[in-house]
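By convention in this document, chain letters (A, B, ...) are assigned in the order of the sequence lines, proteins followed by strands, and residues within each chain are numbered from 1.
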Amino acid sequence: MENLVPLPPEFYVGDTREVARRLLGCLLLCESPAGIAGGRIVETEAYLVGDPANHSFRGRTARNAPMWGAPGRAYVYLTYGMHYCFNAVTAPEGVPEAVLVRALEPLIGIDLMQARRPGATLRTLTSGPARLTAALGIGPEHNGTDLARGPVRILAPNGMPSPPPGPILAAPRIGVHAAQEEFWRYFLAESPYVSRRDRRARPV
DNA sequence: AGAGCGATGGCCT
DNA sequence: GGCCATCGCTCTA
């Protein structure tokens, strides 16, 4: 993990599915008064324009407005009335696409994360989109913030482009009923920190 | 002003 | 692996 570099906005422009794959292996961190916490991204999902599962599909609202904003910013939303999910906004400004980060391998501030999620094992500490936001302390105050400058940051090991950190599998997205035929969930095949496996998964 | 709902998690078998 | 509690917010009227 030497030579960590914040991903520049340009990284997030381009095919959102490719961005989702290239985020695997990168480091997601959140700094707060309580300390710094984070881990390696092992699972992502792509949400594209024209995709019925995309929050932006039915037009711009107060909630989804950050998706239309600059690439490389955070889109944080509340789901099920109680859980926050974290996305990296992708595509050029005005094109509402994003990558949902679904799981991390815990690396930094493990004590702090365990304090935030009492009872969780290392395996379950950040293996889910709402689990990782709870563990890292990501919340609505981070919505729209610049991921290159913090307090929530995404860093690349050894700069980009770097080789994928192992075999990648693709599968249908979780909790999404539309577009089951699209394999837009990506995860590191060898990581035990992925939120869920899928028999349909295929190599990328 | 209110009904509907959700990119989930945790616990149970 | 499956079920369901849960609850604030979002959108529409």
Which part of the nucleic acid does [X] contact within heavy-atom distance under 4.0 Å: base, sugar-phosphate only, or nothing?
| X | value |
| --- | --- |
| A:Arg102 | sugar-phosphate |
| A:Leu78 | sugar-phosphate |
| A:Arg173 | nothing |
| A:Arg197 | nothing |

Rounding to an integer number of angstrom, what distance separates [N] and [M] when you compare their [atom1] atoms?
| N | M | atom1 | result |
| --- | --- | --- | --- |
| C:dC9 | B:dG10 | C1' | 22 Å |
| B:dC11 | C:dG8 | C1' | 23 Å |
| B:dC12 | C:dC7 | C1' | 22 Å |

Atom of A:Leu122, atom of A:Pro106 and distance for their closest heavy-atom approach:
O-CG, 3.7 Å
What is the distance, to the nearest angstrom, from the [atom1] atom on [X] to the [atom2] atom on [N]?
| X | N | atom1 | atom2 | answer |
| --- | --- | --- | --- | --- |
| A:Asn143 | B:dA7 | CG | P | 15 Å |
| A:Asn87 | B:dA7 | CG | P | 10 Å |
| A:Arg63 | C:dT10 | CZ | P | 7 Å |
| A:Glu182 | B:dA7 | CD | P | 18 Å |
| A:Gln180 | B:dA7 | CD | P | 13 Å |
| A:Arg58 | C:dT10 | CZ | P | 17 Å |
| A:Tyr75 | C:dC9 | OH | P | 14 Å |
| A:Phe57 | C:dC11 | CZ | C1' | 17 Å |

Classify the side chain of A:Tyr77 and the base of B:dA7 as holding, or not holding, a donor-acceptor pair under 3.5 Å.
yes
Is the distance from OP1 or OP2 of [N] to the nearest side-chain N or O of [X] less than 4.0 Å?
| X | N | result |
| --- | --- | --- |
| A:His83 | B:dG6 | no |
| A:Thr61 | C:dC11 | yes |
| A:Arg117 | B:dG10 | yes |
| A:Arg131 | B:dG10 | yes |

So, [X] and [Y]: side-chain donor and acceptor under 3.5 Å apart, yes or no?
| X | Y | answer |
| --- | --- | --- |
| A:Arg131 | A:Thr126 | no |
| A:His142 | A:Tyr84 | no |
| A:Thr124 | A:Thr121 | yes |

Does the structure place the NZ or CZ of A:Arg173 under 6.0 Å from the centre of the six-membered ring of A:Tyr47, at an angle of no more than 45° from the ring's axis?
yes
Can you check whether A:Tyr47 stacks with the B:dA7 base, using ring centres under 5.5 Å and planes within 30°?
yes
With a 3.5 Å limit on both atom pairs, tell me what B:dA7 is paired to, counting Watson-Crick and G-U wobble, or say none.
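Here B:dA7 is not engaged in any pair, so there is no nucleotide opposite it.
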Under 3.5 Å for both donor-acceptor distances, Watson-Crick or wobble: does C:dT6 have a partner, and if so which one?
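Matched C:dT6 with nothing under the 3.5 Å cut-off.
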Do A:His55 and A:Tyr77 have ring centres separated by under 6.0 Å?
yes
The side chain of A:Ala130 lies closest to which of these nucleotides: B:dG9, C:dC11, B:dA7?
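My answer, after comparing the listed nucleotides, is B:dG9.
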